[in-house]
Protein chains: 2
Amino acid sequence: MSVNVENIPAAAEDARLVQRLRAAGLRPTKQRLAIAGLLLDGRHRHVSADSLAREIRDAGMQMAGGTVYNTLNQFTDAGLLRRVTVHNEHSVFDTNTSHHHHFYDAETDRLIDIPADQVLLADLPNAPKGHDIASVDVLIHISSKNG
Amino acid sequence: MSVNVENIPAAAEDARLVQRLRAAGLRPTKQRLAIAGLLLDGRHRHVSADSLAREIRDAGMQMAGGTVYNTLNQFTDAGLLRRVTVHNEHSVFDTNTSHHHHFYDAETDRLIDIPADQVLLADLPNAPKGHDIASVDVLIHISSKNG
DNA sequence: ATTTGTGCAAATCGTTTGCATCTGA
DNA sequence: TCAGATGCAAACGATTTGCACAAAT
């Protein structure tokens, strides 16, 4: 009996990612697949260019720093990731691209997702003349209780 | 009749600023007074280190770039200014230190204050275990209607 | 006189870019 | 083949820092 490639989870996952990248208009190159494998597995996570580069190295792969940045930007432009503005230190990318908000703990530089329906904006001001509201970001800063 | 220094507006303003800085625990040096004169006049404005440096030069004064940064940070630590996180390009400082939110127009990199009472957060999630909500920032991105 | 701040330049940090080389279609 | 990617290093822009000098108390 021959082995069907489709039955090998890793290969199946790979094929899925190839399609996902193609659908996003991105050529499925080795390094894009590597990053997609780490980030686009359905889990919701937050990464920085730096933390991702570390993760890639820890996985035994190697990639130029610039490529990590470029790939994150391409994924973001393609809508596969969302850039979250938290502070000015470094960019944070969110694998959860749906509408939601965040808790931010400055002590640990950690972000926690808040489903959009848990934050009810009862009253919003009108956008200034000639402008529309494009998006609303709510960032809730938290600190440990005996802070 | 002798001239009373207190009657000269500029001098009176200067005296007020000297006290303001002292109260904040900052020595009233020439350059801190210069920046305080520009920023702490009661008007609500948003400046970046760069725009402030330009403003200082345009006023005929001169100041080392590092001093502008250091002073903005000192003022912020002292509570005279508030740092607003809008994006990762550069820091924005707000002379309005009271609780409020912002519109942000990426096209012009302009911030507009929204009084706190115009944004009603009807429902907020509880902070994660062991944590308290420190502050809530609402940033509303706007774009021109014929975007 | 002492402490604190400033000026300036160099250093740092995150990120982007240019260009020769390589790779996927 | 050939457009499009990668690797690397240099370039960059914002911000911080180290140290000799100057000003505030």
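Within every chain, numbering begins at 1; the chains are lettered A, B, ... in the order of the sequence lines, protein sequences first and strands thereafter. Computed from heavy atoms alone, side chains included, the values below leave out hydrogens, waters and symmetry copies.
Contacts between residues 20-35 of chain B and DNA chain C, defined by a heavy-atom separation below 4.0 Å, involve R27(B), T29(B), Q31(B), R32(B), listed by number.
Regarding N70(A), its CG atom lies at a distance of 10 Å from the C1' atom of dG7(D), rounded to whole Å. Rounded to an integer number of Å, the gap from CD of E89(B) to P of dC12(D) is 17 Å. Per the geometry, CD belonging to Q62(B) stands 14 Å off P belonging to dT6(C), to the nearest Å. If you take CG of L52(A) and C1' of dG14(C), they are 15 Å apart, rounded to a whole angstrom. One atom, CZ of R83(A), and another, P of dG14(C), lie 15 Å apart when rounded to the nearest Å. Between M63(A) atom CE and dA5(D) atom P there is a gap of 15 Å when expressed in whole angstrom units.
In this structure, a donor-acceptor pair under 3.5 Å is absent between the side chains of H46(B) and N96(B). Donor-acceptor pairing under 3.5 Å is recorded for the side chains of H87(B) and D109(B).
With the end axes of the helix from dA1(C)-dT25(D) to dA25(C)-dT1(D) each set by five pairs, the angle from one to the other reads 30° at 10° resolution.
Residue contacts for S48(A): at a heavy-atom cut-off of 4.0 Å it reaches no nucleic acid atom on any strand shown.
Among dC8(C), dT15(C), dG7(D), the nucleotide with an atom closest to any side-chain atom of Y69(A) is dT15(C). Listed candidates were dT15(C), dT15(D), dG7(C). Nearest to the side chain of A64(B) is dG7(C).
Under the 3.5 Å distance criterion, the side-chain polar atoms of T95(A) are matched with a main-chain donor or acceptor of R45(A).
Among V136(A), D123(A), V138(A), L121(A), the single residue meeting the side-chain contact (heavy atoms from CB on, under 4.5 Å) criterion with V119(B) is L121(A).
Along DNA chain D, the nucleotide closest to T67(B) and the one closest to D50(B) are compared, and the more 5′ of them pairs with D50(B).
Sparse packing is recorded around CG of N126(A), with 12 or fewer heavy atoms of other residues, nucleotides or ligands lying under 6.0 Å away.
Put simply, N88(A) has no side-chain N or O that comes within less than 4.0 Å of OP1 or OP2 on dT15(D).
F103(B) is not listed as a side-chain neighbour of H131(A), based on a closest heavy-atom distance of 4.5 Å or more. Annotation: side chain of P128(A) is in contact with side chain of I142(B) (closest heavy-atom distance under 4.5 Å).
Salt bridge present: D50(B) and R54(B) bring a charged side-chain N and a carboxylate O closer than 4.0 Å.
Summarising the geometry, atom CD belonging to Q31(B) is positioned 7.0 Å from atom OG1 belonging to T71(B); distances are rounded to the nearest 0.5 Å.
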